[in-house]
Protein chains: 2
Amino acid sequence: MQINPQSRDDLSAQIAKAIKDAIIQGDLIVDARLPSEAELCAQFQVSRPTVREALKRLAAQSLIRTQRGATGGAFVNRLNFEDAYAQHITTSTLLLSMNAVSFETACEARYALERACAPLAAHRRKAEHLAIMRAEIRHQSEPDLSDEAFCTSDVTFHRALVDAAANPVLSYQLAGAVEAMQPLMNIITFSARDRAKIIALHIRIADAIAAGDGLAADAGLVQLEQETLYLAKTVFDARSA
Amino acid sequence: MQINPQSRDDLSAQIAKAIKDAIIQGDLIVDARLPSEAELCAQFQVSRPTVREALKRLAAQSLIRTQRGATGGAFVNRLNFEDAYAQHITTSTLLLSMNAVSFETACEARYALERACAPLAAHRRKAEHLAIMRAEIRHQSEPDLSDEAFCTSDVTFHRALVDAAANPVLSYQLAGAVEAMQPLMNIITFSARDRAKIIALHIRIADAIAAGDGLAADAGLVQLEQETLYLAKTVFDARSA
DNA sequence: AGCGCATCAATTGTCTGACATTTGATGCGA
DNA sequence: TCGCATCAAATGTCAGACAATTGATGCGCT
């Protein structure tokens, strides 16, 4: 965590990387206070704006937090699941929207991951998860729901299913896949009959989870994937015609 | 993408959020050029360092890239899988190391996700993936390999398995789970007999993938998970004694 | 002695102005 | 027409200053 030659990288990028590496290596532990901006200036032999740009880079990744005042400064932030979720979802969403990932590819990934949760969710689901799933199913049955609201409810339903697996690492990894799909899903317009089919599958999945039957839940997810793909295909065919 | 009241947030954070939202909403498309720093100063009524701090925040997330010179400026970056991988792995690694996630939880998530890939990998694996897996198995068999090198090779093997599923979204989501586990895995010291067991399972999995037998690969992964948990338990028990 | 309050000092947040550096565009001359 | 020097625009960096925040300090009063 020292030198900074006249390389092609920005000074602020180099400094940010040096501090980031120190955090990853464990040289700077959680809640440790970084040197003040003035001290960092002296240490790296750069001006204060440059140091500040470096610190802002780290703040953007939730690696540090800053606090003003007498005992203020920059502190190593405990990266919590909530912040990581938000970052992951943003990145995943942009990744999908910017790289022309096909609906099929995204859908396949999403359901493959979700099916991985099914057996765990069936074993460990709590009343609260089932309650959310049931509530969303009811919500989805409301006749004058917009397509977008239907998709949002769908995400909440699946999120509850994933959370029921009671593994925060799994929930974190899956958040990206499930939520990032929503913009793609929003393209689809649902007929009343489409919705009925989806809701029926949701009920089937929720029942299976409630009964602790992981295999049945898995089967439901397989059918739901096929149904989703079929609906998407219909929309895309209609659009190209 | 305008106003900036005197709220409690940093001005640079507000500006970064405004631009980020514009990118997510699609108001700024890939490779679009942002206004110059001077123009952004005028638009947001702030000074140049403040604008620059905001831009550095976005650069830290690979949302924009900057270029010097006459036709330079800040451009919306196409978020590629490679950059997203790196970010995701960093975040996942820190999330695990900072939140005292148990080995069991991380291991469960990792193998649950990996098993989701198994059937797809069995169908779609190319010669190159099999070649990597075979090569890593040979590498793991070298007697004077350090524990750390053994773990690195293990990651490469599993990465090839995941990539064999030929779904970039899946690979991206899984990269975090597999690579972030490595620091935890590095704690384990392997006896020669431990390695022999793991290598045997790797061979079994690779054979199953080569044969297109997703179920057999899945069974191999289940055993590998149990073996890994058993090894970790041994280490932890020995450490606490 | 104990409590309350004003002051202080340290630190980050922001601004102004300037200069350095990079790099494509321009225009002139051979 | 080609090649080169110059120019202009933009980012990168620096120096210095002031504002705002906030815990710590010390004084005075009870």
Side-chain angles (χ1 to χ4, degrees), chain A residues 2-20 22-23 28 30-78, chain B residues 2-20 22-23 28 31-77:
Chain A
Q2 238 95 291
I3 49 173
N4 260 272
Q6 253 38 27
S7 85
R8 71 188 193 293
D9 269 348
D10 284 1
L11 288 178
S12 66
Q14 293 180 45
I15 295 171
K17 185 172 188 317
I19 297 175
K20 182 174 173 177
I23 295 174
L28 291 168
V30 166
D31 291 334
R33 184 179 175 283
L34 272 67
S36 72
E37 294 177 357
E39 288 173 284
L40 289 173
C41 292
Q43 185 174 338
F44 290 109
Q45 290 291 304
V46 296
S47 70
R48 201 169 148 231
T50 302
V51 164
R52 284 184 59 79
E53 286 180 8
L55 293 179
K56 293 310 166 198
R57 294 179 109 107
L58 300 175
Q61 299 172 283
S62 304
L63 290 180
I64 64 170
R65 64 180 185 279
T66 56
Q67 192 182 342
R68 296 218 279 196
T71 59
F75 298 84
V76 177
N77 203 19
R78 158 160 277 123
Chain B
Q2 241 96 290
I3 48 172
N4 259 272
Q6 251 37 27
S7 86
R8 72 189 191 291
D9 269 348
D10 286 356
L11 287 178
S12 67
Q14 294 180 44
I15 294 171
K17 185 171 187 317
I19 297 175
K20 182 175 174 178
I23 294 174
L28 290 168
D31 290 334
R33 185 179 175 283
L34 272 66
S36 73
E37 295 177 356
E39 289 173 284
L40 289 173
C41 293
Q43 185 174 338
F44 290 110
Q45 290 291 306
V46 296
S47 71
R48 202 169 148 230
T50 303
V51 164
R52 283 183 60 79
E53 286 179 8
L55 293 179
K56 293 309 167 198
R57 293 179 111 108
L58 300 175
Q61 300 172 282
S62 303
L63 290 181
I64 63 170
R65 63 179 185 279
T66 56
Q67 192 182 344
R68 297 218 279 195
T71 59
F75 299 84
V76 178
N77 203 17

Checklist outcome for this item: Reading nucleotides 16-23 of chain D from 5' to 3' and marking B where a protein heavy atom lies under 4.0 Å of the base, S where only the sugar-phosphate is that close, and - otherwise, the string is -B--SBBB

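A side-chain N or O of Glu39(B) and one of Ser36(B) form a donor-acceptor pair less than 3.5 Å apart.
Judged purely by atom type and a 3.5 angstrom limit, Arg48(B) has no side-chain atom pairing as donor or acceptor with the backbone of Cys41(B). Arg33(A) places a side-chain N or O within 3.5 Å of a backbone atom of Gly72(A) that can act as its donor or acceptor partner. At least one donor-acceptor pair under 3.5 Å links the side chain of Gln14(B) to the backbone N or O of Asp9(B).
Against DNA chain C, the stretch residues 54-66 of chain A makes heavy-atom approaches under 4.0 Å through Lys56(A), Thr66(A).
Looking at Leu40(A) and Gln43(A), their side chains come closer than 4.5 Å, going by heavy atoms from C-beta outward. For the pair Val46(B) and Val51(B), the minimum side-chain heavy-atom distance is below 4.5 Å. No side-chain heavy atom of Asn77(A) sits under 4.5 Å from any side-chain heavy atom of Leu58(A).
Under the side-chain hydrogen bond (donor to acceptor under 3.5 Å, both in side chains) criterion, Gln67(B) pairs with no residue at all, not counting sequence neighbours. Residues satisfying the side chain to side chain contact (heavy atoms under 4.5 Å, CB included) criterion with Thr71(B), sequence neighbours excluded, are absent altogether.
Asp9(A) places its CG atom 11 Å from the P atom of dG12(D), with the value rounded to the nearest Å. Atom pair Glu39(B):CD and dA10(D):C1' shows a separation of 11 Å (rounding to whole Å applied). Separating the CD atom of Glu37(B) from the C1' atom of dT13(D) is a distance of 11 Å, rounded to the nearest angstrom.
Protein chain B contacts DNA chain C over a range whose 5' and 3' limits, counting nucleotides with an atom under 4.0 angstrom from a non-hydrogen atom, are dG13(C) to dG24(C).
For the salt bridge (Lys or Arg N to Asp or Glu O under 4.0 Å) with Glu37(A), the lone residue among Arg68(A), Lys56(A), Arg52(A) that qualifies is Arg52(A).
Salt-bridge formation is not detected for the pair Asp10(A)/Lys17(A): no Lys NZ or Arg NE/NH1/NH2 atom is positioned less than 4.0 Å from an Asp or Glu carboxylate oxygen.
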Item to check | Residue pair Ile15(B), Leu55(B): steps toward the side chain to side chain contact (heavy atoms under 4.5 Å, CB included) verdict | outcome: CA-CA 8 Å; Ile15(B) 294 171; Leu55(B) 293 179; over 6 Å; no

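At its two ends the helix from dA1(C)-dT30(D) to dA30(C)-dT1(D) runs along axes set 10° apart, each axis drawn from five pairs and the angle rounded to 10°.
In terms of heavy-atom proximity, Arg57(B) sits nearest to Ala16(B) at CD-CB, 3.9 Å.
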